[in-house]
Amino acid sequence: MGSRKDAMSLAQGIVHWGPPPIALQRLTTRLATEPAAVSGYVPNEGLPALRAALRTKLVERNNLHHYDVIVTPGCNQAFLNALIALCDDSDRVALFRPYYFDHLMAVQMTGGSDRLVVGECDPVTMRPSLAWLQRELAGPNPPKMVVLVNPCNPTGILLSRAELDAFSAACAAAGAWLVLDNTYEDFVFAEGGEHYCPAGPHVVHLFSMSKAYGMMGWRIGYVAFPDYAHANKDVPGQAPGTNGSGSGSGAQQALTAPGALAMAQLKVQDAVCICAPAPSQALALEALGAEGRQYVDGLIAPLRANRDLLRSALAPLEPHVAGGEGAIYLWARLPQGRGCQDDRAVVTWLVQQAGVCVIPGSACGMPGYIRCSYANLPPDQFPAAVARLRAGLEHLVAHGMTDMPH
């Protein structure tokens with residue numbers, strides 16, 4: 001946004017609040033009275049008290065029984081841990097377009113560009129295609145790891161219980177891992193909607209405290225994975241994944257052996273970052289209490305009105321607007337013609353002419369679209385940004401990328 005200093009952002013996927021004040025107060029006290037206790041290394045897998053609290057949360061809020069937890073410095077690290085632990089260098093990874101761009105980059109940076117297979121979503125509803133996945137899983141070289149984000153970044157789509165169970169069953173039958181990124185689990189706005197986590201010995205869940213708890217810069221995420229020492233280890237179809245890179249001898253090691261999946265992830269984490277920051281973990285533990293939950297719920301609820309206001313600003317692009325069921329995004333197709341299908345050019349034009357910034361769909365593998373966020377600006381700024389977007393889109397539809405009157 002450097003070309004226009006007064007530009008307002010509807011781009012970044014963050015919330016406009018910080019962590020629960022009571023949690024910050026308690027952490028401040030600990031920093032003042034016990035600086036050494038919150039300044040050293042902690043176990044690679046996370047503070048025992050935090051992991052215990054997260055296991056309780058997994059059972060009570062996500063209905064995930066017999067799952068263990070590793071705390072990570074953000075959910076992107078959780079994804080990287082899972083990716084390297086679950087996949088050998090010859091294994092294919094499936095994402096769905098439009099995808100979360102950091103998932104793509106993680107696969108590329110670990111040498112998986114030629115092993116990446118990208119599935120399609122329905123062009124109207126933006127829901128990922130189960131039929132496409134079933135064809136891939138039945139093929140001669142099926143993906144070993146299938147990735148879904150629910151609610152979805154970037155589309156704001158919320159998958160139903162039936163849809164998720166169907167994806168899970170397809171992966172289980174083919175011996176593939178299903179990795180679900182639940183970063184936006186607390187942001188459900190669809191009438192009668194729910195955030196649902198399918199369980200199974202082939203299902204790995206990723207979570208984040210960055211969004212709902214306003215802890216973006218504190219970097220706390222976690223991986224929830226089957227505890228094979230206590231859960232039923234029978235996997236429908238072929239047992240999922242082996243991992244050669246996780247073994248010091250280079251021999252393949254079955255990840256369904258008790259402790260093997262945890263160890264494979266911890267080798268990655270120890271080599272990259274050792275552990276999530278101790279002060280951040282202490283803050284997360286405090287934030288998970290009842291007072292923190294009440295604080296979070298009170299801030300998320302008004303976002304429904306933000307969503308509606310943003311949707312009204314996208315009216316010039318109707319009926320090609322999707323999302324709003326969950327997460328903090330709306331996803332819209334740009335007008336056909338007038339050069340407007342070049343989404344990067346349109347985004348630059350919106351900054352320069354309308355003074356508002358959004359994300360180009362090409363960043364998520366789908367040119368010709370934009371992603372708009374409705375949680376990153378405080379209430380006193382959000383309406384002005386939305387008004388700018390509405391004005392810019394109205395001009396774009398009527399006149400293309402020409403100079404707007406000022």
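Nothing here was measured: the structure is a model prediction, and the numbers come from that model. FYI, the numbering just counts along the sequence from 1.
L288 places a side-chain heavy atom less than 4.5 Å from the side chain of L54. A 4.5 Å side-chain heavy-atom check between R344 and T348 finds every atom pair outside the cut-off. Contact annotation: the side chain of P98 approaches that of M126 to within less than 4.5 Å [non-hydrogen atoms, C-beta and beyond]. A heavy-atom distance below 4.5 Å is found between the side chains of H395 and W349. Counting heavy atoms from C-beta outward, R371 and V358 have side chains that stay 4.5 Å or more apart. Put simply, the side chain of V117 reaches to within 4.5 Å of the side chain of W132, judged on heavy atoms. Between L396 and L334, some side-chain heavy-atom pair lies under the 4.5 Å cut-off. Proximity of H16 to Q381: side-chain heavy atoms (C-beta onward) are nowhere separated by under 4.5 Å.
When all heavy atoms of P19 and G214 are compared, the closest pair comes out as CD-O, 3.4 Å. Residue M209 comes nearest to A284 through the heavy atom pair SD-CB, 3.5 Å, listed as atom of the first residue, atom of the second, then distance.
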Practice prompt. Could you check V147 against F79 for side chain to side chain contact (heavy atoms under 4.5 Å, CB included), going step by step and ending with a plain yes or no?
Written response: CA-CA 10 Å; V147 182; F79 181 78; 3.8 Å; yes
Practice prompt. Report the C-alpha separation of D186 and Y213 in whole Å, then their side-chain angles, then the decisive distance to 0.1 Å, and conclude whether the side-chain hydrogen bond (donor to acceptor under 3.5 Å, both in side chains) test is met.
Written response: CA-CA 10 Å; D186 295 294; Y213 288 90; 5.8 Å; no
Discussion item. Let's go through H103 and D181 carefully: what are the C-alpha distance in whole Å and the side-chain angles of both, what is the deciding distance for side-chain hydrogen bond (donor to acceptor under 3.5 Å, both in side chains) to 0.1 Å, and is it a yes or a no?
Written reply: CA-CA 10 Å; H103 288 168; D181 185 332; 3.1 Å; yes
Item to complete: Decide salt bridge (Lys or Arg N to Asp or Glu O under 4.0 Å) for D227 and R55; before the verdict, give the C-alpha distance in whole Å, the side-chain angles of both, and the deciding distance to 0.1 Å.
Response: CA-CA 11 Å; D227 180 359; R55 287 193 202 96; over 6 Å; no
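Using modelled atom types and a 3.5 Å distance limit, the side chains of R219 and S210 yield a donor-acceptor pair. Side-chain polar atoms of N44 and Q269 form no donor-acceptor pair below 3.5 angstrom. In summary, the side chains of E185 and N62 do present a donor paired with an acceptor at a separation below 3.5 Å, with no hydrogens or angles considered.
Between the OG1 atom of T183 and the CG atom of N153 there is a distance of 8.0 Å, given to the nearest 0.5 Å. Separating the CZ atom in F96 from the CD atom in E120 is a distance of 9.5 Å, to the nearest 0.5 Å. Summarising the geometry, atom CG belonging to D343 is positioned 3.5 Å from atom OG belonging to S362; distances are rounded to the nearest 0.5 Å.
A salt bridge is defined here as a Lys NZ or Arg NE, NH1 or NH2 lying under 4.0 Å from an Asp or Glu carboxylate O, and D297 with R293 meets this definition. With respect to E191 and R304, a salt bridge is recorded, a charged nitrogen being found less than 4.0 Å from a carboxylate O. With salt bridges taken as basic N to acidic carboxylate O contacts below 4.0 Å, none links R115 and D88.
At least one donor-acceptor pair closer than 3.5 Å links the side chain of T28 to the backbone N or O of L24. Within the 3.5 Å criterion, the main-chain N or O of V15 finds no donor-acceptor partner in the side chain of N376.
Y222 pairs by the ring-ring contact (aromatic ring centres under 6.0 Å, His included) definition with F207, not counting sequence neighbours. For R390, the salt bridge (Lys or Arg N to Asp or Glu O under 4.0 Å) criterion is met by E394, not counting sequence neighbours.
Among Y369, Y374, Y184, the one residue that satisfies the ring-ring contact (aromatic ring centres under 6.0 Å, His included) test with Y329 is Y184.
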